[in-house]
Amino acid sequence: MWVSKRAGAVPGSVFALMDGAKGRARAAGLEVIDLSIGSSDLPPADSVLEELREATRDPGTYRYPLFSDTAPLRRAAAAYLARRFGVSVNADAEVLPLIGAQEGLAHLLLAVTDPGDTLLLPDPCYPPYLGAAAIAGLNVVTLPLRADRGFLPDLEELPAGLRPRVLLLNYPNNPTSAVADAAFFRRVAAWCQERGTLLVHDHPYAELTFGAYRAPSALEAGVQGVVELHSLSKTHHMGGFRVGFAAGDAQAIGALARVKGATDFHAYLGIQRAAAHALGLPDEVGRAGAAVFETRRDALVPALQALGWGVTQPQASMYAWARVPGVSDSVGFAVRAAELTGVAVSPGAAFGRGGEGFVRFALVQPPEVLREAARRLGSVPV
Ligand SMILES: Cc1ncc(COP(=O)(O)O)c(C=O)c1O
């Protein structure tokens, strides 16, 4: 009786199923290697933690933070975009702090769409996108991401008359680890502009890049008609702090501020200070964290390839996305793998129909544990 149509429309998660399988593995005495959750296991930089500690000693941080209080974080975000991507945004009108990119996206969709509007969404995708779309009452049109196209969408294959209200993309991509270049974003932004579509780019893996590769910002294609969501969860290992920012089109950011004004009072000022400090740290700090994930990639990917699994070398993100030969029920396979070997991975189907046949590894364990995980998975019947 007390469940709205909106709440009822939010899809359930197969992660509860994986939790059950992990529990059964533990009960059977197996040592569980959990690679199913994409939460960084690295700590934030010491100076970030010190900034937060300092803030808790300042009584000026204990009250409700107002919009004007967010100015230092907004300025730090604008300075980061300028330094890192050469993107110029107005810190007062084109930047807004978020309580994480996930919160930002759900509220942004409420801010820029009306029920029944069309949202163009990649398949596979980060599962909360579907929940956010359901809450906003959107008509979801899926955009297939296929391995043979490097998991980049082909906008030309969409019906010519399609005029979506929003196109949501995410590169470096979860779950596929695929990356996109600046020319791709220019093409996509032009496509959106022609159709009156807002391009929303979810960019939480912006700094988790490997080797010489650096991820571009969608805002390099222009700020009008584009909103980018940044997060400190992965890039600065601050997932539990719940902090990020949105930047881009002033109208969309203004609408988001209105919606958020009715739902939250911004993050705790101490967290805002810690985040502003983190965004101003030298790039080498972020590179050091990324290098840890790169070493893990270098341990896991060849071990999976040796099993005959289809996996390409990720250039970014904290995941490996692998096609498991002979598997057409990835949920069944992942549950079986957890129960028989204690290795928990995310079934590809959890990310949409386009993920079927794949599993996603989160690179959240040291190299030797990842190699051990691959060794155990080799024994799972398909
Ligand atoms: C694509 C994508 N967007 C957003 C998030 C969540 O970011 P935040 O912690 O800032 O809410 C994640 C976390 O895994 C993600 O993979």
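Ligands are counted one by one from 1 in listed order, and the atoms in each one are counted from 1 as well.
- Scanning the protein for heavy atoms near atom 12 (C) of ligand 1, the closest one is Tyr126 CZ, 3.3 Å.
- The protein atom (non-hydrogen) at minimum distance from atom 3 (N) of ligand 1 is Asp202 OD2, 2.5 Å.
- No salt bridge links Glu31 with Arg26; every basic N to acidic carboxylate O contact stays at or beyond 4.0 Å.
- Considering backbone and side-chain atoms alike, Asn174 places an N or O below 3.5 Å from some N or O of ligand 1.
- Within the 4.0 Å heavy-atom criterion, neither part of Phe245 lies near ligand 1.
- Atoms of ligand 1 lying under 4.0 Å from any heavy atom of Tyr129, numbered from 1 in the order shown and given with element: 1 (C).
- A cation-pi arrangement is not found for Arg187 relative to Trp191, the charged atom failing to lie both closer than 6.0 Å to the ring centre and inside a 45° cone about the ring normal.
- At under 3.5 Å, a nitrogen or oxygen of Arg242, whether backbone or side chain, sits near a nitrogen or oxygen of ligand 1.
- Closest to atom 16 (O) of ligand 1 among all protein heavy atoms lies Tyr205 OH, 2.6 Å.
- Looking only at heavy atoms of the protein, atom 13 (C) of ligand 1 is closest to Lys234 NZ, 3.0 Å.
- Within the listing of ligand 1, atoms 1 (C) sit less than 4.0 angstrom from a heavy atom of Asn170.
- Considering backbone and side-chain N/O atoms, Ala101 comes within less than 3.5 Å of an N/O atom of ligand 1.
- Paired with Phe245 under the rule side-chain contact (heavy atoms from CB on, under 4.5 Å), one option of Leu96, Leu229, Leu279, Leu73 passes, and it is Leu279.
- Dense packing is recorded around CZ of Arg83, with more than 12 heavy atoms of other residues, nucleotides or ligands lying under 6.0 Å away.
- A cation-pi contact, defined as under 6.0 Å to the ring centre and within 45° of the axis, links Arg296 to Phe293.
- Contact annotation: Gly239 has no heavy atom less than 4.0 Å from any atom of ligand 1.
- Between Phe151 and Trp321, the angle of the ring planes goes over 60°, which puts this pair in the perpendicular group of the 30/60° scheme.
- Proximity of Asp264 to Ile99: side-chain heavy atoms (C-beta onward) are separated by under 4.5 Å at one or more points.
- Taking the side chain as every heavy atom from C-beta outward, Arg273 and Glu54 never approach each other to under 4.5 Å.
- At least one N or O atom of Ser231, backbone or side chain, sits closer than 3.5 Å to an N or O atom of ligand 1.
- Remark: minimum distance from atom 9 (O) of ligand 1 to any protein heavy atom is reached at Ser233 OG, 2.6 Å.
- More than 12 heavy atoms of other residues, nucleotides or ligands shown are found within 6.0 angstrom of CZ on Arg287.
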